[in-house]
Protein chains: 2
Amino acid sequence: MKCKILSFSEIYEMMRHLSEKIKSSDYSPTTIIGLARGGWIPARLLCDFLGITDLISLKVEHWLETGKTKNEATIKYPITSDMNEKNILIVDDITDTGKSLIAASQYIKTLNPRKIKTAVMQYILKSECKPDYFSEKVTDWYWFIYPWNWIEDTSTLIVRLLSDYEDKKYNLKEINIGLKNLFGISWNTNELKYILNLMSERNQLELIKSSGKIKYKFKTKKVIKL
Amino acid sequence: MKCKILSFSEIYEMMRHLSEKIKSSDYSPTTIIGLARGGWIPARLLCDFLGITDLISLKVEHWLETGKTKNEATIKYPITSDMNEKNILIVDDITDTGKSLIAASQYIKTLNPRKIKTAVMQYILKSECKPDYFSEKVTDWYWFIYPWNWIEDTSTLIVRLLSDYEDKKYNLKEINIGLKNLFGISWNTNELKYILNLMSERNQLELIKSSGKIKYKFKTKKVIKL
């Protein structure tokens, strides 16, 4: 699985690019709805690029319906305020399956705003939903690791790495090499140590200290998921 | 007026520091409430540092009550969901007067969560409200310009600069020098040009082209405010 770590400056430039595309269209959003949690940072940056102060959150949750293999999306916290006069722009970080954008759009439609459009940073071509605006069209699939997911996503990848040999004790260097070989990513030593310590605090791996050296071992497949 | 432009990496390190302070206390928040709009990016980063998925927005608005000089804070979009079992952490970027944090805390209290605590990146010592957690205590007042306000805040400062001599036509270099002298900030040329063009699109200044050169002139004091 190929992964790519994105930096804050890459995010900022993608959002600037997205804002230019929106401005050059004929749509003038009055209100940005950022999807929680992935859309929050893109949505907030877009407020500054577009000069929009009306910012609302919508939490779309994904769950596996009993007996089905299909991932469904539902709204967690309903919006109760009047949307009648608003031109809505729904914002998310990425549309991969498209389910979040579809669920959010259908829900917002029931609140009868004047207009609804959707915008994402990255649009993965196989998405069921083509957003009205996107900064980048992704034809070559990657798991993109955004700054607000650096810890969560890297933890997930480290668990996958360690679970390949559940009894093996890895040192820092071996984990770095494993992340590079399996997923194509690398962190600097301090950042990786920080994430591994956090994972130990969260019982996501076993931290073994012996004769002054630290090793890491598989513990559980349970990690925080969206 | 002294200003300071903060970078994404400074924000990220402040939020990491804030998360360490929260973890070393005896409080385990289950839910983060990010104040719109300033608290959104800090709140989202804190989710990753603390491993929290339950993220809610609360919009606190500031207004000048008729006949009063005092700035009041009110809640724009009410929260209608059950908060009974939640340990709330209210998150904002900065507490300056303290009014946002006080209004948010009072409001959340009416929803009867299990516990409420507050956390900010920067705590200005004169704030009426001392947050439970802060990354940095500010004793020497600055106007901090965060990445999600780079454009809005810089626009406000440029309007102030231009309004000192309403008839003067400034070139790019003069604006750069003015920002440095009056506010102690500097942007690189491309970024400043980008902001000045945006301000022209938004009718916040007059852009004058004559014999291939561009100058900028005061137009209005009206800029986007929180």
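Model, not experiment: these values are computed from the prediction. Just the heavy atoms: all of them, side chains too, but no hydrogens, waters or symmetry mates, feed the values below. Residue numbering restarts at 1 for every chain, and letters A, B, ... go by the order of the sequence lines.
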### Message
Any carboxylate oxygen within less than 4.0 angstrom of a Lys/Arg side-chain nitrogen, looking at B/D54 and A/K76?
### Response
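Salt bridge flag = yes for A/K76 with B/D54.
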Check whether more than 12 heavy atoms from other residues, nucleotides or ligands sit under 6.0 Å from atom [atom1] of [X], and answer yes or no.
X      : atom1 : answer
B/K21  : NZ    : yes
A/K2   : NZ    : yes
B/K109 : NZ    : no

Is chain A contacted by the side chain of [X], its backbone, both, or neither, given a heavy-atom distance below 4.5 Å?
X     : result
B/I41 : both
B/S19 : side chain
B/F49 : both

### Query
Between A/L55 and chain B, which part of the residue has a heavy atom less than 4.5 Å away: side chain, backbone, both or neither?
both
### Contact leader toward chain A among B/W40, B/F8, B/Y12, where contacts are heavy-atom pairs under 4.5 Å
B/W40
List the atom of [X], the atom of [Y], and the distance in Å for their closest heavy-atom pair.
X      : Y      : answer
B/P147 : A/L45  : O-CD2, 4.3 Å
A/L198 : B/K23  : CD2-NZ, 3.1 Å
B/D48  : A/R202 : O-NH2, 3.1 Å

Once rounded to the nearest 0.5 Å, what's the spacing between atom [atom1] of [X] and atom [atom2] of [Y]?
X      : Y      : atom1 : atom2 : answer
A/R16  : B/I151 : CZ    : CD1   : 6.5 Å
B/I56  : A/Y77  : CD1   : OH    : 3.5 Å
A/I32  : B/R37  : CD1   : CZ    : 9.0 Å
B/W148 : A/M15  : CH2   : CE    : 15.0 Å

#### Entry: Quiz item: cation-pi between A/R44 and B/Y146, 6.0 Å / 45°
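A/R44 over B/Y146 ring: no.
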